[in-house]
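Counting starts at 1 for both ligands and their atoms, in listed order. In this chain, residues are counted from 1 in sequence order.
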Amino acid sequence: MKRIFSGVQPTGNLHLGNYLGAIKNWVSLQKDFECIFCIVDLHAITIKQDPKELESNTLEVTAAYLASGINPKKTIIFNQSSVYAHTELTWLLSCFTPIGWLNRMTQFKEKAGKKKDAAVLGLYSYPVLMASDILAYKATHVPVGEDQKQHLELARDIANTFNQTYSNNFFPLPEPQIFGEATRVMSLRNGEDKMSKSDESDYSRINITDTKDLINLKIQKAKTDPHSLPSKKEELENRPEAANLLGIYSALKNEKLDKVIKEMSGKDFLSFKKLLAELTISKIEPISKKMNDYLKNKDYLKKILKEGKEKADDISSKNLLEIKKIIGLLII
Ligand code: TRP
């Protein structure tokens with residue numbers, strides 16, 4: 001049996017990278033698997049958050065999940081901080097995590113920068129919390145982007161250490177759930193950087209809530225190169241911007257990259273960008289409309305999260321109890 005767990009941080013604008021790289025793929029997973037999709041607010045607070053914004057961003061991600069087609073009748077949707085097992089398991093698993101493993105994490109190194117000593121403990125132990133998210137549900141598969149693979153690898157190592165320590169197979173080793181093309185959407189200003197909500201320039205990303213005009217403008221202004229579009233995949237090698245725009249087109253259109261390249265071969269960027277803008281708007285606009293409708297009904301969103309929390313609690317508290325028993329913690 002497959003159980004899928006994944007999460008998105010409620011930190012500001014959701015963009016095309018979040019949608020194409022994560023949420024859109026999750027929607028199709030629901031057909032065949034038991035899915036748990038979390039809004040990881042505890043991860044968000046590893047960097048400073050405005051309390052009001054954190055709360056509204058949590059509802060915004062909930063609305064985006066629903067608007068994109070995540071079905072709360074089938075799938076568990078909840079915010080991480082509402083289920084206590086995540087934090088409690090983080091402590092337990094931190095006792096199975098050598099510091100040396102955490103020292104290797106590239107995301108921590110990037111985020112902490114030169115001021116390592118001033119970085120908070122939560123930023124450092126972030127991957128242990130992520131392992132707990134996954135292992136609290138004994139999830140078997142985790143859809144993640146390239147940037148989270150190292151963290152998932154760590155979750156496997158922690159699970160394996162626990163299993164070995166107690167000579168059992170309590171935790172399944174979670175595997176990455178890989179998707180086809182264009183899971184990695186890059187910045188519109190620089191094809192070598194990931195599309196990100198923390199990029200200073202709003203022109204680097206397309207937000208799910210952007211208006212038609214803004215989407216048009218951002219795509220028009222997107223960085224390109226002086227050549228026309230290639231006729232083969234291999235010709236994209238040193239053309240990160242062309243690769244990115246074609247990748248976005250292929251993901252939005254649900255068509256293989258090869259096919260899109262054939263279709264667009266020889267076109268100039270100006271005409272390709274027109275098609276890309278049209279396609280983007282036709283896919284994103286209905287989602288942003290629905291999202292805004294959901295956001296008008298915050299009580300409904302909270303009700304969905306509450307139902308999700310109860311289901312998540314049910315599964316994770318049982319697992320947590322077993323873990324505590326295995327460790328030898330007295331249950332009273
Ligand atoms: N760290 C992930 C990110 O920033 C989000 C996340 C938290 C996650 N817990 C998770 C993803 C568990 C997959 C599984 O993208």
Inset, instruction - Flag the pair Phe162 / Tyr166 as yes when their ring centroid distance falls below 6.0 Å, and as no otherwise. - result: yes
Sequence neighbours left out, cut at 3.5 Å: what donor-acceptor pairs do the side chains of residues 104-122 make with other protein atoms?
residue, atom, partner, partner atom, Å
Thr106, OG1, Gln150, OE1, 3.2
Gln107, OE1, Gln148, NE2, 2.9

Legend entry - Row check, Tyr203 ring normal vs Lys221 NZ/CZ: under 6.0 Å, within 45°: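 Here Lys221 passes the 6.0 Å and 45° test against Tyr203.
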Legend entry - Lys138 charged N/C atom sitting above Phe5 aromatic ring, 6.0 Å / 45°: no
Legend entry - Distance, nearest 0.5 Å, that separates NE2 of His86 from OG of Ser316: 5.5 Å
Inset, instruction - Output the distance between atom NZ (Lys223) and atom OG (Ser204), rounded to the nearest 0.5 Å. - result: 13.0 Å
Inset, instruction - Show the protein residues that qualify under the rule heavy atom under 4.0 Å from an atom of ligand 1, listing them in chain and number order. - result: Phe5, Ser6, Gly7, Gln9, Val40, His43, Tyr126, Met130, Asp133, Ile134, Val142, Val144, Gln148
